[in-house]
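First the structure, in the form of structure tokens, and then the observations on it.
For ligands, and for the atoms within them, numbers begin at 1 and follow the listed sequence. Sequential numbering from 1 along the given sequence is applied to the chain's residues.
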Amino acid sequence: MTQVHSSICRFCHAHCGIQVEVADGRAVKVYGDKDNPVYHGFSCAKGRSLPEVHAHPDRLLHSQARQADGSFAPIASGRAMDEVAARLQRIVAEHGPRSVALYLGTYSFPYVASSPLATAFMHAIGSRMIFTSASIDQPGKPIASALHGRWLAGPYQFDECDAWMLVGVNPLVAMSNGIPNSNPARRLHRAKQRGLKLIVVDPRRSETAEAAHLHLQPRPGEDPTILAGMLRHVTREGLYDREFSAAHVDGIETLIQAVEPFTPEYVARRAGVRAADLIEAARIFATSPRAGTTAGTGPNMAPRGTLTEYLLLALTTLSGQWRREGEEFPNPFVTLPDYTPIAQSTGPGRAWGYGERLRVRGLTDAASGLSAAALADEILLPGDGQVKALINLGGNPMAAWPDQLRTHRAMQELDLLVSLEPKLSATAKLADYVIAPRLSLEVPGLSMPNESLWHYAVGLGYPVPYGQYTPALVEPPAGSDVVEEWQFFHGVARRMGLKLTMRLLNAWGPQGVTPRVVELDMEHPPTTDELFEMICADSRVPLSEVKRHPHGALFPTEQPVVVQPPDAATAGRFDVANEVMLTELGEVAGEKPDHERAPDFPFRLISRRLRDILNSTGRDVPRLTRKGRHNAAYMNPADLKALGVADGDVVEIRSPHASILGIVAAAPDVREGVISMAHAFGDAPEHDHALRELGSNTGRLVPVDREYDPYSGMPRMSAIQVAVRPAEAPAARAG
Ligand SMILES: Nc1nc2c(c(=O)[nH]1)N[C@H]1C(S)=C(S)[C@@H](COP(=O)(O)OP(=O)(O)OC[C@H]3O[C@@H](n4cnc5c(=O)[nH]c(N)nc54)[C@H](O)[C@@H]3O)O[C@H]1N2
Ligand SMILES: Nc1nc2c(c(=O)[nH]1)N[C@H]1C(S)=C(S)[C@@H](COP(=O)(O)OP(=O)(O)OC[C@H]3O[C@@H](n4cnc5c(=O)[nH]c(N)nc54)[C@H](O)[C@@H]3O)O[C@H]1N2
Ligand code: SF4
Ligand SMILES: [Mo]
């Protein structure tokens, strides 16, 4: 008999409300939940493939342990915890706690209890070596916010704005930020009906740019130039909000001087856009009654991502586009604690230079966390503090970290690599233990992760007080031995005689975040639902109430929440003239434009997302790979013609650091001189012959130690300088 249950899709971070048909204890069909009040029935092919993902023939149903001969053998999960605990204990005793590092990847996010327990484990052994994929994502966001200051009443929401500018972000495909990821297509459609003017800055005419009122299609990596040009126009023409600026902003005169070189003509020539479009974008943004802007991975991975984010904040602030005193605060939160919006800035704070110090490139802990781009070096560099053990929770360093060949050496150098993931990914294949987890439909879930991103940056989280809980809907396959990630950390800690204490970052206010500390019972492990209760203890809406609404629901407050007046005792002022940022801007003005540098590398390879694949996940799911399994190198037809290659041909893509092969695909939407190619494909070098099955790894082209953001450690991972030439398809491997 088939039963239908409501649930939360956890394939990607959008957390769509879905319906799951369950027959004989297995998920057989997934589709969007029409009764969900914010997703309105949306689902994508990835979400609809969840039944295949759960029943995939390559899914690990048992954890694996490396044998003396190098092969893997199944191991009982309890036994794996015994062995990992013993080995970690030895490593800590011999090399100290810093020799153990944790990497939290994409799939640490949807499982609400997994990161709190994993980080509690690290605190318990005394290691601060915690790295996340967010540090190689958009680290410029939290750093820029710290330098500029945050607004305690938040930005305006996309749904209430008259104009919105998206800089290198493609919400219609990535479902991440820019337009709230609960059914962004529907939101955009309605916003345009209302008259919203959408501005998109993207070297590719992306799916989102296609829907824009104004699309600037610049050379990659020129976002700081463009934004400085917009700021110049806004300040010169007196389009900025003088009253708001006088009340809340420091440094305007200094900023005005710094943007002076960025005349429309200069910006147009350098970035390859029309001066009239630049002026129009600036005018729309500054003069619309309500406007907002979001940058995405494109400019954050291009050089000077932090500066791009900083200039966007300055533009938002000078235009006075923050929620004002007396206005209604549209999302008073659900699974997060009650929050009082106040019409004031926090003022700038420390953005780096504290906490753990890395041994390379002078990097420290920062608002964006420790740099995952430096972790391979921490493993390879001998000496005191060298990282000897790595625990990978739902990430895939071999696919996603910059400088893949360095990562490859690092993974082999480790004394212990433990990977918690359901497949023998490129990383898992190098591990000593692969811990087989339960998958999403086999565990409870909560809308909290997506909701909590509101605090991270503009354009994330829910615009309305939405919450959803889902119970586990199915049991893991019969005969399997799979664990939840948190259970692994609890189990290993118990075996090592450690006590775990969760530090939950869930009380935001003018003074920043105060963690709530929760001690866990080590003898009697809680259930996942009990952990959810602990995590939600301060939630505005009790978890029990959220649970009563299986389709998800809106939980408005009885009275509207209104933005409070500033409090003189705690109010700070935004800083739009941070010295480090304006020094960088000065360097931009003084430097030779990127397209005039490196004449031997005339193309720029930019990052992108593919609709049906999530980073490295989904590449082996037949329903998601009907159009091919590789990551095509999308190029403008004019470039293909000039190179003498056609759709499907193989090219060599060479950066000053390394080269990879790519299979070209004609794409008129890509600017000439640009290659648009997804990351997280390919495998270790011995698999390079399987180009059509595995694709190739763009991370290999990126050195981590030559061109990088000095605060976040973020290397140049988009707008990568490359040369392209026709190449032979790789020979099939001999033998
Ligand atoms: N060149 C270049 N590099 C990039 C980017 C780019 O645009 N260009 N993007 C960067 C960005 S934004 C990010 S976020 C990082 C991503 O970096 P990572 O998070 O390190 O990479 P993913 O490929 O997302 O890794 C996901 C892993 O989780 C495993 N997995 C799948 N489902 C589950 C599950 O249910 N449970 C568990 N435990 N594991 C599961 C998969 O097997 C896979 O190995 O990559 C970054 N790297
Ligand atoms: N289907 C799908 N969804 C995903 C993912 C996925 O792999 N697949 N990954 C998830 C992850 S980890 C993340 S972080 C989010 C990311 O979400 P987004 O940031 O929206 O990611 P993209 O879709 O790659 O959009 C980036 C855009 O930047 C443009 N771009 C590249 N370089 C530059 C540049 O120098 N300047 C400017 N202005 N634009 C540039 C690209 O052409 C592209 O259109 O998506 C998430 N959602
Ligand atoms: S967009 Fe993400 S959360 Fe929504 S159905 Fe697709 S994979 Fe699932
Ligand atoms: Mo990401």
Is the closest N or O pair between [X] and ligand 1 shorter than 3.5 Å?
X    : value
G394 : yes
L439 : no
S440 : no
Y107 : no

- How many protein N, O or S atoms sit closer than 2.8 Å to atom 8 (Fe) of ligand 3?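 Atoms of protein N, O or S type lying less than 2.8 Å from atom 8 (Fe) of ligand 3 total 1.
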Could you list which atoms of ligand 1 come closer than 4.0 Å to a heavy atom of [X]?
X    : answer
M717 : 2 (C), 3 (N), 4 (C), 47 (N)
N615 : 16 (C), 22 (P), 23 (O), 24 (O)
Y111 : 34 (C), 35 (O), 36 (N)
M301 : 5 (C), 6 (C), 7 (O), 8 (N), 9 (N), 10 (C), 12 (S)
L420 : 37 (C), 38 (N), 39 (N)
G105 : 19 (O)
T106 : 16 (C), 18 (P), 19 (O), 22 (P), 24 (O)
S616 : 22 (P), 23 (O), 25 (O), 43 (C)

- Query: Does an N or O anywhere in P220 fall below 3.5 Å from an N or O of ligand 2?
  - Reply: no
Counting each atom of ligand 2 from 1 as listed, which ones have a heavy atom of [X] under 4.0 Å away?
X    : result
V173 : 1 (N), 3 (N)
I613 : 1 (N), 2 (C), 6 (C), 7 (O), 8 (N)
A302 : 35 (O)
T297 : 14 (S), 16 (C), 18 (P), 19 (O), 21 (O), 22 (P), 24 (O), 26 (C)
I606 : 31 (C), 32 (N), 42 (O)
R611 : 1 (N)
G296 : 19 (O)
K46  : 1 (N)

- F42 and M175: side-chain contact (heavy atoms from CB on, under 4.5 Å), yes or no, with the steps? CA-CA 11 Å; F42 177 87; M175 309 282 299; 3.5 Å; yes
- Selection from G168, A271, S676, A295 by shortest heavy-atom distance to atom 26 (C) of ligand 2: G168
Of the protein's non-hydrogen atoms, which lies at the shortest distance from [atom], and what is that distance?
atom                    : result
atom 1 (N) of ligand 2  : L610 O, 2.8 Å
atom 34 (C) of ligand 2 : D223 OD2, 3.6 Å
atom 11 (C) of ligand 2 : R609 NE, 3.7 Å
atom 47 (N) of ligand 2 : A174 O, 2.7 Å
atom 14 (S) of ligand 2 : D137 OD2, 2.9 Å
atom 35 (O) of ligand 2 : G221 N, 2.9 Å
atom 43 (C) of ligand 2 : D202 OD2, 3.4 Å
atom 15 (C) of ligand 1 : A400 CB, 4.0 Å
atom 32 (N) of ligand 2 : S718 OG, 2.9 Å
atom 10 (C) of ligand 1 : I136 O, 3.3 Å

- May I ask whether P422 has any heavy atom positioned less than 4.0 angstrom from an atom of ligand 1? yes
- Item | Whether T427 lies under 4.0 Å from ligand 1, heavy atom |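 Judged by the 4.0 Å heavy-atom criterion, T427 does not count as contacting ligand 1.
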Side chain, backbone, both or neither: the part of [X] lying under 4.0 Å from ligand 1 by heavy atom:
X    : answer
H679 : side chain
W401 : neither
E485 : side chain

- Start with the C-alpha distance between Y39 and D33, add both sets of side-chain angles, then the distance that settles side chain to side chain donor-acceptor pair (under 3.5 Å), and finish with yes or no. CA-CA 8 Å; Y39 293 92; D33 182 356; over 6 Å; no
- N170 vs E207, side chain to side chain donor-acceptor pair (under 3.5 Å): CA-CA, chis, key distance, verdict: CA-CA 7 Å; N170 190 12; E207 293 74 359; 2.9 Å; yes
- Does a side chain donor of either N615 or H679 reach within less than 3.5 Å of an acceptor in the other side chain?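 H679 and N615 do have a side-chain donor-acceptor pair below 3.5 Å.
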- When the ring centroid of F285 is compared with that of W164, is the distance short of 6.0 Å?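 No.
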- Determine, for R304 against E309, whether the closest basic-nitrogen to carboxylate-oxygen distance falls under 4.0 angstrom. no
- Look at D594 together with R604 and state whether they make a salt bridge at an N to O cut-off of under 4.0 Å.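 Yes, this pair counts.
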- Item | For Y456, all residues meeting side-chain hydrogen bond (donor to acceptor under 3.5 Å, both in side chains), sequence neighbours excluded | none
- Y31 side chain near V4 side chain, heavy-atom distance below 4.5 Å: yes
- Message: Within the structure provided, determine whether Y103 and T132 are in side-chain contact (heavy-atom separation under 4.5 Å).
- Response: no
- Task: Please verify whether a non-hydrogen atom of C12 lies at under 4.0 Å from ligand 2.
- Result: no
- Identify which one of E475, E484, E485 satisfies the salt bridge (Lys or Arg N to Asp or Glu O under 4.0 Å) criterion when paired with R438. E475
- Run the numbers on E707 and R716 for salt bridge (charged side-chain N to carboxylate O under 4.0 Å, His left out), then give the verdict. CA-CA 6 Å; E707 226 184 317; R716 179 171 183 164; 2.8 Å; yes
- Qualifying residue for side chain to side chain contact (heavy atoms under 4.5 Å, CB included) with L441, from C9, P51, S7, P476: S7
